[in-house]
2 protein chains.
Amino acid sequence: MPREPLSSSAPASASSPVDAGPSFSPLYRQIKSLLIAGLQGGEWKAGEGIPSEIELAQRYGVSQGTVRKAIDELAAENLLVRRQGRGTFVATHAEQQQQYRFLRLMPDEGQEPGLGRQLLDCKRQRAPAWIAKQLQMRAGDPMVEVRRLLHGKDKPVVLDDIWLPGDLFKGLTTERLNKHRGPFYGLFETEFGVHMIRAQEKVKAVAADEESAALLHVAVGTPLLSVERLSFTYGDKPVELRRGLYNTSTHFYRNDLN
Amino acid sequence: MPREPLSSSAPASASSPVDAGPSFSPLYRQIKSLLIAGLQGGEWKAGEGIPSEIELAQRYGVSQGTVRKAIDELAAENLLVRRQGRGTFVATHAEQQQQYRFLRLMPDEGQEPGLGRQLLDCKRQRAPAWIAKQLQMRAGDPMVEVRRLLHGKDKPVVLDDIWLPGDLFKGLTTERLNKHRGPFYGLFETEFGVHMIRAQEKVKAVAADEESAALLHVAVGTPLLSVERLSFTYGDKPVELRRGLYNTSTHFYRNDLN
DNA sequence: GAGTGGTCTAGACCACCAC
DNA sequence: TGGTGGTCTAGACCACTCA
């Protein structure tokens, strides 16, 4: 089968005496990179279908099995979703009952959290150094700051502070946030084309200060879970920093280890 | 290729008018189940190699590709480890620098935790109801209780209480634990044949009581991370309950979301 | 019935490791 | 040099979805 510019394996370049990191990559990984580039470049948008495996195989000049393996990995990483008989689709947060892709909070009794949202504040600021650093911006760069509560049955459970790069979220206003129903990540996708694909969290136990105690209806000094989440889009680019304070008197943070 | 008792797909039984949950399983999943059975039954022990893909393919009467896909899944679940050119091996905790397979604690500065162990206590008890329930035992059944500290550079960081089913850990004594170097999970594997393959954690923020405060060298009321971990062996059987109190003043609990 | 992903096979060749 | 896992191919057939 004819193949084009894909380097079939390690480059057959002039002899490399000390080939430290040959970084040879198999065909299916090169296909995977091409697919990621397509996602990143907006060739296929969130929720849409990508071409069939056969079509991609023809396009890239490889066998269907090779495309399949590339897609397998992307599906395992939750970037793509396969649906038998229908096709392969770009994963999205902006859909149906998905509800809180990254939130690990569970009620002590019962199943789903089913939390209500309450927007407290949304303003544009200049990024302080510690935030700018994590978002790979410069201190003083424009930044959007959002504060909100998530309510359980009778008490507030989560106080979230969210920081976003100002240039990526230009038209983000209180009104826009209030009009939107569903998780923020859905809004970020459909309105701003920012797609979170991965996040890392740092969890600590802290004591409630006066402000957070008042908002969460607990006594000052109450132990709270502090969850600092940095979210990334394609290319490991950080695009959101979030600091949540969780009241864990009736909920817990769930984690599965493999 | 001749094949034996493996039902090649959905059973061709008499017509099933309302085939609610046919639970048809592809060949490679049946192979996977056979491999798990082999692991569970002790046919291949932790750290040992399993037969080559070609040999397994012959044994089960399927193609190498089918065995490969079964092994792929088991490797993804960390039950098996592939090593190119050498073979496929049963994953083990009892090896080298693995160090704390499930511990998610990281220092604020630096890389590895590098914590020192200090055994405080090890005694046999009768299981109280709330522990028995989670370990799927009956209240009053024999149980081993272990308490220990993990030390950081200058302060204790983790206070662990560990509860184990008494019948599975018959000869577990303070002396045996003290003689052992390396993580508990390694000891459990080599000495008791109990292999943890999965765990789930429930994390909360709590206030230090008098006892834990003294042991962790903090003031009473200091917010601590409470990490309750239930660990499972093959067949989703729970075999360890652990409650850790983490001092998160210089460390944090790290989690990656995908 | 046409098109999609899902499974299974058989065979080729490569990369890595141990002897 | 022989054996192992790793990649790639080509083709067959199955299961699912939708028009």
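Order of the sequence lines fixes the chain letters, A, B, ..., with proteins taken first and strands second; residue numbering starts at 1 for each chain. What you are looking at is a predicted structure, and each value in this text was computed from that prediction instead of being measured.
- Counting any heavy atom pair closer than 4.0 Å across all strands shown, B:E53 reaches sugar-phosphate atoms only and no base atom.
- Using a 4.0 Å cut-off, some side-chain N or O of B:S52 falls inside it from OP1 or OP2 of D:dT4.
- Across the protein-nucleic acid pair, A:I31 atom CD1 and D:dC8 atom C1' stand 11 Å apart, rounded to whole Å.
- With a cut-off of 3.5 Å on both Watson-Crick or G-U wobble distances, the partner of C:dC19 is given as none.
- As rounded to whole Å, 15 Å separates atom P of D:dT17 from atom CZ of A:R82.
- Considering only side-chain atoms of B:V62, the nucleotide from D:dT7, D:dC16, C:dT9 that sits closest is C:dT9.
- Position along DNA chain D of the nearest nucleotide to A:R86 versus A:T66 favours A:T66 as the more 5'-ward residue.
- Straight-line distance from the CZ atom of B:F89 to the C1' atom of C:dC16: 13 Å, rounded to whole Å.
- If you take CD of B:Q64 and C1' of C:dC14, they are 13 Å apart, rounded to a whole angstrom.
- Salt-bridge check for A:R29 with A:E73: passed, with a basic side-chain N closer than 4.0 Å to an acidic carboxylate O.
- For A:L27, counting side-chain heavy atoms from C-beta on, the closest listed nucleotide (D:dT9, C:dG6, C:dT4) is D:dT9.
- Distances from the side chain of B:P26 to the nucleotides C:dC16, C:dC8, D:dC16 place C:dC8 closest.
- When the C1' atom of D:dG5 is taken as reference, atom CZ of B:R83 falls 13 Å away, rounded to whole Å.
- Listed nucleotides: C:dC8, D:dG5, D:dT9. Nearest to the side chain of B:Y28: C:dC8.
- The distance from atom CG of A:D72 to atom C1' of C:dC8 is 15 Å, rounded to the nearest whole Å.
- Ion pair B:K202/B:E228 not flagged as a salt bridge, since none of the NZ, NE, NH1 or NH2 atoms sits closer than 4.0 Å to an Asp/Glu carboxylate oxygen.
- Between C:dC8 and B:K69, no contact under 4.0 Å exists linking OP1 or OP2 to a side-chain N or O.
- When rounded to the nearest whole Å, the span between CD of A:Q84 and P of C:dG5 equals 10 Å.
- When the nucleotides D:dG5, C:dG5, D:dC8 are ranked by their closest atom to the side chain of A:R68, C:dG5 comes out on top.
- Across the interface with DNA chain D, nearest-nucleotide mapping of A:V67 and B:I50 shows B:I50 to be the residue nearer the 5′ end.
- Ion pairing between a basic and an acidic side chain is recognised when a charged N comes within 4.0 Å of a carboxylate O; B:R104 and A:E201 show no such pairing.
- Side-chain atoms of B:S63 lie closest to C:dC8 of the nucleotides C:dC8, D:dC8, D:dG6.
- Ion pair A:R59/A:E53 not flagged as a salt bridge, since none of the NZ, NE, NH1 or NH2 atoms sits closer than 4.0 Å to an Asp/Glu carboxylate oxygen.
- Distance B:E73 CD to C:dG6 P: 12 Å, rounded to the nearest Å.
- A salt bridge links A:R198 to A:D236: at least one charged side-chain nitrogen sits closer than 4.0 Å to a carboxylate oxygen.
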